[in-house]
Student: 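Take a look at the following structure, please.
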2 protein chains.
Amino acid sequence: MEKAFKALASTPRRRILNHLAGGPMTVGEIAANFDMAMPSISKHIAVLHDAGLLHRQKRGQEVIYSIAADKLANNLYAFLTPFCPEARALSAERKLPGSDDLPAQTGEDKA
Amino acid sequence: MEKAFKALASTPRRRILNHLAGGPMTVGEIAANFDMAMPSISKHIAVLHDAGLLHRQKRGQEVIYSIAADKLANNLYAFLTPFCPEARALSAERKLPGSDDLPAQTGEDKA
DNA sequence: TAGATAATTTCCTAAATAGGAAAATATCTA
DNA sequence: TAGATATTTTCCTATTTAGGAAATTATCTA
């Protein structure tokens with residue numbers, strides 16, 4: 001949770017997440033949307049991944065990232081629950097986009 | 001939104017919000033829950049207030065803060081919407097605790 | 001009016017963060 | 001194997017942030 005909120009406290013990182021809402025992308029594809037050097041983007045991505053907000057999948061020499069929407073939503077809903085109870089219901093069962101765009105998580109995060 | 005996420009990226013500040021979930025409190029009451037000097041707490045509160053996440057009401061020499069749950073929830077739901085569509089519905093009409101605990105917002109934030 | 005109390009502001013230092021350039025790692029392909 | 005390409009890591013500097021002590025402001029009360 002601490003890591004997730006720290007990760008979200010950056011405009012470029014939130015923009016990366018927004019780009020990934022369109023589906024999984026390589027680091028290069030993500031970086032193409034920014035006016036920032038690739039190493040900087042790579043480090044932002046690392047922060048998001050370290051917070052558990054991104055899935056990583058390696059294909060050849062490229063690395064494909066996709067959003068861990070469930071983790072993202074669960075963190076925010078859990079945090080919101082004390083302030084607006086209707087968030088609690090959502091913390092439970094949810095159907096999210098992004099999680100299904102990859103070939104059914106078979107441990108890509110370690111590759 | 002930028003300010004809100006920056007404000008939330010701090011454990012002491014999220015703890016302050018959690019304390020305020022119990023209802024409006026003075027700075028001193030909030031500070032009593034922390035092992036941190038009052039000026040530091042005061043500054044954290046200022047960050048939250050500047051982000052629009054807290055309402056301020058002055059009564060005598062005390063300053064009473066309460067949570068702006070609608071602003072908090074709206075920010076997070078708006079951010080979440082691209083990733084989990086069900087958040088969109090919540091961005092609209094909502095009944096939140098905290099907003100009603102004060103004598104019906106008559107401009108206390110400027111006082 | 002002279003303290004006492006509540007909160008904020010100012011000033012300072014230590015630590016964290018962002019970003020780039022250059023180097024390092026992997027992997028692909030001729 | 002020798003490049004070429006994709007990504008990450010290392011190293012550096014500039015900026016931001018956190019927190020405390022002391023000073024300041026505002027308000028209460030004897």
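Worth knowing before you read on, the calculation uses all heavy atoms, side chains too, and leaves out hydrogens, waters and symmetry mates. Lettering of chains follows the sequences in order, A, B, ..., and the numbering in each one begins at 1.
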Student: Is any side-chain N or O of A/R13 closer than 4.0 Å to OP1 or OP2 of C/dA18?
Tutor: yes
Student: Rounded to the nearest Å, what distance is computed from the CD atom of residue B/E62 to the C1' atom of nucleotide D/dC28?
Tutor: 10 Å
Student: Closest to the B/P39 side chain: C/dT9, D/dT8, C/dA7?
Tutor: C/dT9
Student: Please report, rounded to the nearest Å, how far the C1' atom of C/dT9 is from the CE atom of B/M38.
Tutor: 14 Å
Student: Taking the minimum atom-to-atom distance to the side chain of B/Q61, which one of C/dA26, C/dA21, D/dT27 wins?
Tutor: D/dT27
Student: Can you tell me the distance, in whole Å, between the CG atom of A/D50 and the P atom of C/dA16?
Tutor: 15 Å
Student: Are the side chains of A/H19 and A/F34 in touch, meaning some heavy atoms are under 4.5 Å apart?
Tutor: yes
Student: So does B/E62 pair up with B/K58, basic N to acidic O under 4.0 Å?
Tutor: no
Student: Would you indicate what B/M36 reaches in the nucleic acid, counting non-hydrogen atoms under 4.0 angstrom: base, sugar-phosphate, or nothing?
Tutor: sugar-phosphate
Student: Ignoring backbone atoms, establish whether A/T26 has a side-chain N or O less than 4.0 Å from OP1 or OP2 of D/dT7.
Tutor: yes
Student: I need the NE2-C1' distance between A/H44 and C/dT17, as an integer number of Å.
Tutor: 9 Å
Student: Just N and O in the side chain of A/S40: are any of them under 4.0 Å from OP1 or OP2 of C/dG19?
Tutor: no
Student: Once you round it to whole Å, what is the distance between C1' of C/dA18 and CZ of A/R14?
Tutor: 15 Å
Student: With a 4.5 Å limit on heavy-atom distance, are the side chains of B/M25 and B/N33 in contact?
Tutor: yes
